[in-house]
Structure formats: C-alpha cells, structure tokens
Amino acid sequence: MDKLVFKKRRKGFKNDDRLSIGALSKLYFLILSCFITTSVYSQDNQYWTQQFGVRSALMAGAVVGGCNDNSAVYYNPARLAYIKEAAISIHADLFKFQNLALQNGAGTGNDINSANYYTYPTAITGLLDFKNKKWKGGYMFMMKQNSEFEVSYDKESDLPNTFFTNYNEPYNYVTGFSRKSKLEDIGVGMALAYQFSDHFSMGFTQFFNYRNTNYYFNTYGRVVGDTSRQIATNTETQDVSYANFRTHTKIGIAFQTGRIKIGVAATLPSINLGGKGEITREQLWTTDFVKDTTNGGNAGLIAYDKQEKLATTYKTPLSVSIGLEYHSEKTIVALVGEWFATVARYNIMSPLIRTPVLPRSVNTYLDSGYMTLYAHNNSVINLGVALQQQVSRQLALHLGFATDMNYAKDDKFLNYSALNNQVGKIIINQSSWDIFHHTVGISYKKKHSTITFGADYQLGSAPNQLQWVNMNTPNHADSLFGTQLADNNIHYSSINFMIGFTHFIHHETETEKKE
C-alpha cells in the first residue's frame with residue numbers, strides 16, 4: 001500500500017491542505033461517539049430514508065451508475081476503482097425537523113400530532129490506494145437507521161350507559177395509550193474494487209451491522225359508575241427489547257464509455273450472527289355488573305409473562321439496483337432503480353409457547369401468539385432521478401427526487417388494535433406511509449477538499465388507515481375501546497439540512513521525499 005503522509009506546511013502548500021494524524025484521530029473519536037450516543041426520530045419501514053454521503057444524498061441516491069466519491073462503498077463498490085485520489089469524507093444531518101399528524105388517529109375527532117428536531121452524523125467514509133493502481137479499497141462507518149418514536153393520547157368524557165345493568169345514568173370514561181420505540185442500526189463496511197480496463201470494473205463490500213431495538217406499548221381504559229360499585233377496567237402493556245448482529249455482502253459492476261456510465265449492484269440477503277432479547281407482556285381485565293356477559297360477566301382476567309435471554313433473528317432482503325448517468329460538458333443526469341425482494345414472515349424472537357393466564361378457566365382467551373414477535377417485509381421498488389449542473393469550475397448545483405416506499409404498509413399483521421394485540425401478535429412497526437424525497441444543494445470544490453451543503457424535503461401520506469385506537473365508542477368486545485374505523489388520515493413531512501466535508505489525502509511526491 002502506498003504510504004500516506006500527513007505533514008505540516010511545505011513549500012507550495014497551504015497550512016490547511018493537510019490534516020495531522022492527531023487531528024484526524026480526534027475527529028474520528030468525536031463522530032464515532034456521536035454515532036453511539038445520539039438518538040433521532042424517523043421511519044423504520046423504508047429502505048431509502050437515509051442516504052450516505054452528502055452529494056449522494058443530494059442526488060437522491062441516484063449514484064449507482066456514476067458515483068465519484070467514497071460513498072461508492074455503499075452504493076456500488078465497483079465505482080471505487082475509478083476514483084483517482086484517496087480521501088476521507090464526513091456526512092452529517094446539520095438540522096432535521098419532522099412533523100407527524102394523524103387525523104382521527106385516536107378515534108374520529110381525536111387527532112394526534114408529534115414534532116421533533118435533531119442533529120446527527122450519518123457516515124464517515126474513506127478511500128485507500130494500493131501500489132497496484134488497478135486495485136482500490138474503501139471503508140465506511142454509518143448510522144444505517146436511527147429512529148425514536150413517542151406518542152401518547154388521553155381522553156376523559158361522560159358517555160351514555162352501555163355497560164351497567166343496574167345503573168342508568170351516564171358514566172365517566174377515562175382512557176389513553178402511549179407508544180414508544182427506539183431503534184439504532186450501526187454499520188461498518190469494507191470494500192475492494194478492481195479495474196479491468198478503462199471501461200469496466202468490479203467490486204464488493206462486506207457489511208457488519210449491530211441493531212438495537214426497544215419498544216413499549218401501553219393502553220388503559222376505565223369505566224366508573226356510581227351506585228353499588230359499578231366498575232370496568234382494562235390494562236394492556238407490552239415491553240420488548242432486543243439486540244442483533246448480522247452481516248451482508250454487496251457486489252457491484254460498473255461500465256463507462258464516452259458520456260455514459262452504467263452500474264449494477266446486488267445486495268445479498270443478510271446472514272444472522274445472533275443476539276439476545278426479552279419480551280414482557282401483561283393484561284388486567286376486570287368487569288363487574290356488565291351487560292355483555294359473554295366472557296364471564298363478573299370474572300376477571302390477569303395475564304402476565306416475561307421471557308428473557310431469547311435468541312434473536314433479523315433479516316434484510318436481496319436487492320438489485322441499476323443506475324445510469326449521462327454526462328455533457330457541464331451537466332450530469334442520473335437515474336436509479338432498486339428492487340427489494342420479499343422477506344417471508346419470521347419470528348424475531350421465539351419465546352416458549354405457554355398460556356400465562358390466571359384464572360385457568362379462561363385460558364382459551366389467548367392464543368399461542370401472545371408472546372410472539374413477527375416480522376415481514378413486502379417487496380418494493382424505489383426510483384430516483386437527479387441532476388448535477390456545473391455552475392463554475394468550483395461550484396456545482398445538485399437536484400434530486402426519489403420514492404421511498406413502505407415495505408410494511410399493506411402487511412396484514414400491521415394492526416394497532418389493543419384487542420388484536422391481546423389475542424394475537426405484538427406489532428412494533430410504526431409507519432404505514434410512503435415517503436417522497438425532494439433534494440437540492442451545492443458543492444464547492446477547492447484544491448484539496450470539497451464542502452457540500454443542501455436540504456432534503458420529505459413528504460408522505462396514508463389516507464383511510466385504521467385508527468390506532470378508538471376512544472369514542474367503548475365496548476366490551478374491544479376491551480373498553482371502540483371498534484377501529486378506517487378514517488385515520490396520516491400526513492408526514494420533514495426537512496433535513498445536510499453538510500459534508502471531503503479531505504483529499506495528499507501523497508508524498510518524489511520531490512518532497514528528497515527534501
């Protein structure tokens with residue numbers, strides 16, 4: 001491998017042309033610390049929500065065909081072979097604001113709103129030169145996914161009597177729910193590429209990922225009468241946490257001739273390396289003098305189970321991306337499409353199948369899925385288009401648009417009903433909407449560095465979704481909630497300001513060696 005040299009000022013170079021090894025080490029430590037300690041709020045059911053490398057992000061990820069920087073480690077490792085100078089790049093979200101509005105999310109007329117803002121780094125990438133110039137290496141540290149979701153809603157009202165047989169006055173109804181989740185998926189990738197000719201190259205990247213997920217869901221319902229202890233109550237609590245390690249490989253090829261660049265990259269399904277997790281679930285359902293006595297009238301229900309140190313599995317699918325770039329003298333037009341295969345339903349954790357219900361007379365109220373955590377990804381296709389316009393020798397403008405389709409929105413297991421969770425599955429997915437990215441930014445290139453700045457504006461919506469809960473018409477069959485209606489209109493928006501810096505590593509020349 002060629003010797004990489006970091007020096008103080010020499011004749012013909014400015015002070016800021018090189019970074020010291022000490023400065024770079026401190027920079028790495030600072031940003032890697034941020035990867036570990038920061039938390040953000042975003043979506044967890046999309047593949048393209050996060051892009052890596054500011055230019056690649058501003059090109060809406062449409063760089064598979066002609067990526068010209070270190071982010072090729074992620075998009076198409078074959079493109080590394082055509083990068084002429086080793087460099088270190090840093091990409092960070094400078095400021096991101098997100099808003100989520102669920103019209104009728106907690107029942108007709110009960111709207112849910114959530115807004116968050118944050119900053120965090122997304123990727124550190126580097127390129128390595130070898131003595132044999134046909135070979136190139138690269139590396140990437142990235143925050144593949146990082147989301148934090150928290151929403152709650154409470155309601156108190158007086159409703160007509162629908163529960164009590166010996167009390168005809170309106171009763172007080174108090175109910176609420178809260179849902180919290182936090183996800184961190186940190187990845188490391190090492191890439192190697194070989195240039196067969198001026199027109200053709202191949203490469204691969206091996207990724208290793210660590211995923212950590214925490215999920216908490218709680219509902220409560222209270223119905224209180226007045227005469228002779230009229231009472232009905234319900235509590236549902238789910239608490240899930242797990243960690244998992246996995247690895248996967250990306251293989252890419254690149255072809256270029258004249259004004260055309262073409263790239264194809266295939267990401268192989270992930271290989272599970274293991275992990276541990278735990279699930280806790282509890283219900284308390286007490287009724288007394290209830291009109292509907294189908295489930296036992298005065299009988300109460302207590303269900304509780306906790307299982308720890310469960311083996312974990314997390315899967316990502318096979319995907320194939322195809323990219324095309326057309327270059328004119330000052331303009332680049334880029335296209336990309338990526339197909340993601342289906343991931344058949346599987347268990348993230350497989351707890352013991354046992355009935356944790358007391359009293360035993362109502363064991364049949366719960367099925368074997370009481371503690372089961374499922375996952376299932378539908379097949380989706382994402383498309384992107386981008387434009388780069390050279391304004392001057394140093395300044396370039398970038399524009400992009402991309403789809404970011406939700407792979408779980410039509411999943412039959414995606415249901416937020418307290419009742420369905422109670423008798424069936426634990427569902428930890430949050431989002432059910434597609435996202436559309438609109439990007440704009442500029443890059444300014446100096447002799448030994450490039451600074452890039454821009455924004456990604458995201459929009460998404462999902463009309464006529466099932467309400468997360470219905471707090472308007474409580475009934476016995478739905479555990480003191482109302483039957484969910486399909487009038488939940490979801491609107492998502494986000495604006496993300498990004499900044500990136502690339503430092504081109506200067507190699508010691510023969511003249512400098514003699515000095």
Side-chain angles (χ1 to χ4, degrees), residues 32-52 74 92-93 96 98 100 114-123 141-152 178-188 207-218 238-248 270 272-280 310 312-317 340 343 346-349 373-378 380 404-409 411 413-414 416 425-435 458 460 468 492 494 496:
L32 286 174
S33 298
C34 292
F35 271 116
I36 296 171
T37 60
T38 57
S39 62
V40 302
Y41 163 63
S42 63
Q43 311 317 313
D44 62 343
N45 291 338
Q46 281 88 5
Y47 295 114
W48 277 16
T49 301
Q50 185 63 61
Q51 303 290 348
F52 304 99
Y74 179 78
D93 284 350
K96 188 167 187 175
Q98 291 184 322
L100 179 64
S114 177
N116 289 272
Y117 64 91
Y118 56 87
T119 62
Y120 73 106
T122 60
F141 301 92
M142 63 179 175
M143 184 64 77
K144 184 69 171 63
Q145 284 183 291
N146 191 15
S147 65
E148 186 169 350
F149 183 93
E150 182 174 350
V151 63
S152 62
S178 62
R179 182 186 295 272
K180 302 177 183 179
S181 68
K182 185 175 181 180
L183 162 66
E184 293 178 325
D185 197 317
I186 301 171
V188 177
F207 290 99
F208 295 89
N209 287 76
Y210 169 76
R211 184 180 183 90
N212 186 55
T213 298
N214 294 277
Y215 169 79
Y216 177 80
F217 173 69
N218 181 66
Q238 302 171 10
D239 195 351
V240 177
S241 63
Y242 71 87
N244 180 263
F245 292 91
R246 69 186 188 278
T247 183
H248 63 278
S270 61
N272 192 60
L273 299 179
K276 296 294 182 181
E278 65 178 53
I279 301 176
T280 303
L310 300 172
T312 64
T313 299
Y314 185 79
K315 298 181 179 181
T316 56
F340 296 86
V343 177
Y346 67 96
N347 296 340
I348 295 178
M349 289 181 276
L373 180 61
Y374 293 108
H376 172 234
N377 298 12
N378 295 314
V380 298
D404 195 8
M405 311 308 286
N406 191 304
Y407 60 72
K409 66 176 180 178
D411 192 338
F413 302 107
L414 183 61
Y416 297 96
K425 294 81 182 172
I426 298 175
I427 307 297
I428 67 174
N429 292 332
Q430 265 61 263
S431 61
S432 58
W433 50 93
D434 300 325
I435 297 176
Q458 305 174 15
W468 284 12
Y492 167 81
S494 169
N496 176 24

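Below, each value reflects all heavy atoms present in this structure, side chains not excepted, and no hydrogens, waters or symmetry copies.
- Within the 4.5 Å cutoff, side-chain heavy atoms of I435 are placed close to those of T49.
- Side-chain contact check for L100 versus W433: some heavy-atom pair is nearer than 4.5 Å.
- Atoms OH and OH, on Y215 and Y242 in that order, are 12.5 Å from each other to the nearest 0.5 Å.
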- List the steps and the verdict of side chain to side chain contact (heavy atoms under 4.5 Å, CB included) for L273 and T247. CA-CA 7 Å; L273 299 179; T247 183; 4.1 Å; yes

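- With rounding to the nearest 0.5 angstrom, the CD1 atom of I348 is 9.0 Å from the OG1 atom of T313.
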- Message: Determine whether Y492 and Q458 satisfy the following criterion, side chain to side chain donor-acceptor pair (under 3.5 Å), listing intermediate values before the conclusion.
- Response: CA-CA 8 Å; Y492 167 81; Q458 305 174 15; 3.2 Å; yes

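- Nearest approach of M405 to Q46, heavy atoms of both residues: O-CG, 3.7 Å.
- Remark: S270 engages R246, H248, K315, T316 in a side-chain contact (heavy atoms from CB on, under 4.5 Å) (not counting sequence neighbours).
- Here S241 pairs with N214, E278 under the side-chain contact (heavy atoms from CB on, under 4.5 Å) rule; sequence neighbours left out.
- Looking at M143 and I186, their side chains come closer than 4.5 Å, going by heavy atoms from C-beta outward.
- A distance of 9.5 Å separates CH2 of W468 from CZ of F217, quoted to the nearest 0.5 Å.
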- L373/V240 under side chain to side chain contact (heavy atoms under 4.5 Å, CB included): CA gap, chis, key distance, verdict: CA-CA 9 Å; L373 180 61; V240 177; 3.8 Å; yes

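- Once rounded to the nearest 0.5 Å, the distance linking OH of Y216 with OG1 of T280 reads 10.5 Å.
- No donor-acceptor pair under 3.5 Å is formed between the side chain of N377 and the backbone N or O of Y407.
- In this structure, N496 contributes its side chain and K96 its backbone to no donor-acceptor pair below 3.5 Å.
- Ring pair F340/Y47 is parallel by interplanar angle, where below 30° counts as parallel and above 60° as perpendicular.
- Screening T312, D185, N244 for a side-chain hydrogen bond (donor to acceptor under 3.5 Å, both in side chains) involving R211 leaves a single residue, D185.
- Using modelled atom types, one side-chain atom of N406 and one backbone atom of A408 make a donor-acceptor pair closer than 3.5 Å.
- The structure places CG of N209 at 5.0 Å from CE of M142, a figure rounded to the nearest 0.5 Å.
- Between atom OG of residue S494 and atom CG of residue D93 there is a gap of 8.5 Å, rounded to the nearest 0.5 Å.
- The shortest side-chain heavy-atom distance between D434 and D404 does not fall under the 4.5 Å cut-off.
- Residues N218 and R179 are not in side-chain contact: their nearest non-hydrogen atoms beyond the backbone lie 4.5 Å or more apart.
- With sequence neighbours excluded, the residues forming a ring pair (Phe, Tyr, Trp, His ring centres under 6.0 Å) with Y74 are F52, listed by chain and number.
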